[in-house]
Amino acid sequence: MTKPKQTQRSQERTHRRGDIEEKVHDAYQPLKKPKEPVVCPDCHAVYSDGRWQWMATPADAAALPCPSCQRIHDRFPAGYLELGGDYFTEHKDEILNLVRNDAEHALREHPLQKIVEIEDHGTEVSITTAELHLARKLGETVQHAHKGDLDVRYSPDQTQVRMKWRR
Ligand SMILES: [Zn+2]
């Protein structure tokens with residue numbers, strides 16, 4: 001059996017559960033890889049060797065926004081992390097510092113792991129990320145350091161994650 005040709009239309013999605021060939025496509029991850037080298041005009045990450053990385057911009061690089069800057073521009077996060085609870089309210093500064101440090105560290109390693117926004121609603125804080133592994137990482141860091149309950153839910157197509165941490 002030959003594999004059907006991959007569609008290059010990014011908005012097209014097929015999701016056949018239980019099927020051997022389960023093709024799920026994130027609109028922010030083009031099926032067709034960009035022609036290298038490419039530089040993101042917003043964050044200056046370079047797409048090279050099949051991944052976005054921090055490196056000097058090659059002279060012949062074409063400009064193309066990275067998926068995370070595109071999500072930030074569209075205000076369409078991939079990761080959501082809500083922090084709340086009485087314990088959280090008491091330790092808010094400490095926990096948010098931990099989250100910020102962890103996010104800074106992640107961004108140094110992975111150009112796509114960007115925070116979209118940290119919204120402080122007083123007793124609750126919601127953090128959105130442009131890349132879903134970052135939300136997951138931040139939630140796990142908080143739980144690792146402060147225990148509590150972490151609820152993780154992926155969207156059916158696995159392109160978004162919603163997490164709630166409570167203590
Ligand atoms: Zn970028």
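No hydrogens, no waters, no symmetry mates; every other heavy atom, side chains included, goes into these values. Quick caveat, the model's predicted, so the values are computed rather than measured. Indexing begins at 1, ligand by ligand and atom by atom, following the structure's order.
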Write out all pairs satisfying salt bridge (Lys or Arg N to Asp or Glu O under 4.0 Å) with one or both partners inside residues 55-76, taking only residues at least two apart or from two chains.
D26-R71, R75-E117
Aromatic Y80 / basic R162 pairing, under 6.0 angstrom, 45° off normal:
yes
With T128 as partner, the option from I118, V116, I115 fulfilling side-chain contact (heavy atoms from CB on, under 4.5 Å) is V116
Test of understanding: with side chain to side chain contact (heavy atoms under 4.5 Å, CB included), list the residues that count as partners of H105, not counting sequence neighbours.
R108, E109
V125 vs K92 side-chain heavy atoms within contact, under 4.5 Å
yes
Quick test of your reading: applying salt bridge (Lys or Arg N to Asp or Glu O under 4.0 Å), list the pairs with at least one residue in residues 128-139, sequence neighbours left out, ordered by first then second residue.
R136-E140
Listing by chain and number, which protein N, O or S atoms are under 2.8 Å from the Zn ion (ligand 1)?
C40 SG, C43 SG, C66 SG, C69 SG
